[in-house]
Amino acid sequence: MTERLPLTGRSVWSGAELLAESDWIWRMEAPYLAELDAAIAANRHKAPEAITRADFRLPLMAPLLADINEELEEGRGIARLRGLPVDRYESEDIQRMFWGISQHLGTPVYQNLRGELLSVIQDRSSDPNRHFADETGAKSATAKALSQDALNFHTDTSDVIGLLCVRNAASGGLTKVASTTRAYNEMLAERPDLLEVLFEDWWHLRPEQVPTTFALPLFGIEEGKLTSTFSPANLRKAQEFPGTAPLTEKQKEALDMLLRVKERHSILSPFEPGDAQFLNNHIVSHGRTAFVNEAGTGQSRFMMRVWLATPDSRKLPEKFGVLWGDTAAGAVRGGSPQAEDGRRVANYA
């Protein structure tokens with residue numbers, strides 16, 4: 001068995017430790033808000049996703065956003081920007097704001113085969129003719145299109161995921177976040193044999209036009225930095241694919257322990273409208289509790305999401321190229337390759 005060492009640094013945290021600190025939360029101040037107003041006004045003639053970093057000028061916020069990027073890669077892997085004025089703007093201007101800020105953190109990559117770069121997650125079940133994205137990337141016009149069930153811990157195929165809260169549900173919908181680095185250390189101390197299973201190949205499902213499976217470890221380490229690609233739902237779907245080897249008892253035990261450790265040390269907290277949360281998928285996994293919308297009162301969950309390839313991202317193990325495309329540090333990678341040409345990013349982004 002490979003000899004593994006504990007990981008150190010700010011990315012090793014528990015939910016209780018994180019809640020006791022506030023240095024992972026950045027608050028918007030009046031000069032920043034004025035700068036956002038000006039950037040939005042200067043770009044109202046453009047569709048949100050057509051706005052580039054150069055278009056959306058944020059010189060005052062630049063040091064703050066640089067600090068967020070450093071915290072995401074070299075720190076805890078989680079950062080929250082609080083106080084974005086979502087009550088001041090209509091939906092399209094909120095999209096311009098979130099997209100513009102995100103452009104200063106990284107390059108947006110496609111989230112699904114439909115070419116979505118900025119996902120608007122909103123309950124529109126009262127309009128049967130309106131298609132919209134749910135949190136798993138599926139598109140539907142049914143009343144169930146916005147999933148109200150709990151989402152288990154998982155990661156997405158992007159260096160960073162950003163989620164903006166425009167409006168909370170009537171109840172529930174608390175975000176759950178856990179340090180994968182902390183989970184690694186606990187499994188190393190308690191069950192190193194099960195930790196090693198996470199570094200072996202598992203079968204994953206690639207949701208393409210014609211779905212295929214591929215083999216990839218859940219954990220990898222390169223140049224002393226951890227990466228994790230992990231989705232229980234994806235692993236279950238791969239099991240339904242013809243010819244896929246079933247999970248071994250050791251794999252089931254390892255996955256169960258990983259989820260238990262993450263749950264034990266997770267942070268469970270609500271978003272406030274105007275919160276934008278960014279997570280480094282390599283070292284932090286996320287989920288959320290079930291929620292209830294009240295269509296009659298208009299109290300329904302309304303979020304926006306981006307996936308970002310970040311300029312200071314870590315190098316990945318070569319084997320992870322089967323999913324990420326490029327494993328080099330700082331590469332534009334991840335996302336969902338488009339069926340027609342394999343692109344992971346729009347030409348204008």
Side-chain angles (χ1 to χ4, degrees), residues 7-28 61 63-84 98 101-102 104-106 108-109 111 119 121 135 151-165 168 173-186 219 225-231 258-259 261-289 303-314 316 334:
L7 298 171
T8 59
R10 285 163 53 79
S11 67
V12 184
W13 50 264
S14 69
E17 292 166 350
L18 196 64
L19 283 174
E21 302 290 342
S22 60
D23 57 356
W24 57 283
I25 300 174
W26 282 260
R27 288 172 170 80
M28 295 295 293
M61 286 185 66
L64 178 154
L65 296 172
D67 287 345
I68 286 178
N69 256 345
E70 183 175 2
E71 183 68 11
L72 289 171
E73 180 56 31
E74 303 296 340
R76 291 190 175 95
I78 176 172
R80 186 174 287 190
L81 185 57
R82 172 153 288 170
L84 293 171
F98 186 45
I101 290 172
S102 299
H104 285 265
L105 296 174
V109 295
Q111 299 179 38
S119 289
I121 306 167
E135 291 179 276
L151 291 178
N152 211 338
F153 288 111
H154 64 281
T155 61
D156 295 304
T157 313
S158 62
D159 294 316
V160 165
I161 178 175
L163 191 67
L164 170 67
C165 175
N168 279 313
L174 300 182
T175 181
K176 299 198 304 181
V177 180
S179 163
T180 305
T181 316
R182 177 66 180 256
Y184 166 98
N185 281 354
E186 293 231 352
F219 280 10
K225 287 189 170 184
L226 179 69
T227 187
S228 173
T229 296
F230 146 73
S231 168
L258 177 61
L259 290 170
V261 172
K262 283 182 174 291
E263 192 70 47
R264 185 191 314 159
H265 295 294
S266 64
I267 174 176
L268 182 63
S269 66
F271 272 131
E272 295 178 9
D275 280 354
Q277 183 161 280
F278 299 92
L279 306 174
N280 183 333
N281 277 302
H282 300 292
I283 54 175
V284 173
S285 60
H286 60 282
R288 63 151 175 77
T289 64
M303 304 280 172
M304 295 181 184
R305 181 183 61 212
V306 291
W307 287 7
L308 302 173
T310 51
D312 54 356
S313 63
R314 62 197 57 203
L316 305 181

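Heads up: numbering here begins at 1 and tracks the sequence.
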Practice task
Supply the atom-to-atom distance L164 CG to S119 OG, rounded to the nearest 0.5 angstrom.
Solution key: 12.5 Å

Handout entry: From CD1 (I68) to CD1 (I78), nearest 0.5 Å
Key = 11.5 Å

Problem - Side chain proximity check, S266 to F153, heavy atoms < 4.5 angstrom - result: yes

Practice task
Taking atom CD of E17 as the centre, report whether more than 12 heavy atoms of other residues, nucleotides or ligands fall under 6.0 Å from it.
Solution key: yes

Exercise for the section: Return the minimal non-hydrogen interatomic distance between F230 and S285, and the atom names on each side. Expected result: CE2-CB, 4.1 Å

Handout entry: CZ-CG distance between R80 and L18, expressed to the nearest 0.5 angstrom
Key = 9.0 Å

Practice task
List the atom of W13, the atom of H265, and the distance in Å for their closest heavy-atom pair.
Solution key: CZ3-O, 4.3 Å

Completion exercise
Value for CG (D275) from CE (M303), rounded to nearest 0.5 Å, stands at 9.0 Å

Problem - Any side-chain heavy-atom pair of M61 and H104 under 4.5 Å - result: no

Problem - Under 3.5 Å side-chain donor-acceptor pair for H286 and Q277 - result: no

Handout entry: Shortest non-hydrogen contact from P311 toward L105
Key = CD-O, 3.5 Å

Practice task
Quick one: closest heavy-atom pair of L258 and A183, and the distance?
Solution key: CD1-CB, 3.9 Å

Practice task
Without swapping roles, check the side chain of S179 against the backbone of S11 for a donor-acceptor pair under 3.5 Å.
Solution key: yes

Practice task
Locate the shortest heavy-atom distance separating N281 from V160; write the atom from each residue and the value.
Solution key: ND2-C, 4.0 Å

Practice task
Pick out which of N280, T181, D23 makes a side chain to side chain donor-acceptor pair (under 3.5 Å) with R76.
Solution key: D23

Fill in the blank from the handout: To the nearest 0.5 Å, atom OG1 of T175 lies from atom CG of L279 at 7.0 Å

Fill in the blank from the handout: On a heavy-atom basis, the closest approach of A309 and V109 is CB-CG1, 4.1 Å

Exercise for the section: For E263, check side-chain hydrogen bond (donor to acceptor under 3.5 Å, both in side chains) against everything at least two apart and list the hits. Expected result: K176

Exercise for the section: Output yes when a side-chain donor or acceptor of R314 lies under 3.5 Å from a complementary backbone atom of E73, and no otherwise. Expected result: yes

Problem - Rounded distance [0.5 Å steps], CG in L81 versus CD1 in I101 - result: 5.5 Å

Problem - Close side-chain approach of H282 and D159, heavy atoms under 4.5 Å - result: yes

Problem - Residues K225 and E74 bridged, charged N to O under 4.0 Å - result: yes

Handout entry: Heavy-atom side-chain contact between L72 and T310 under 4.5 Å
Key = no

Practice task
State, with a plain yes or no, whether a side-chain heavy atom of K262 is found less than 4.5 Å away from one of T180.
Solution key: yes

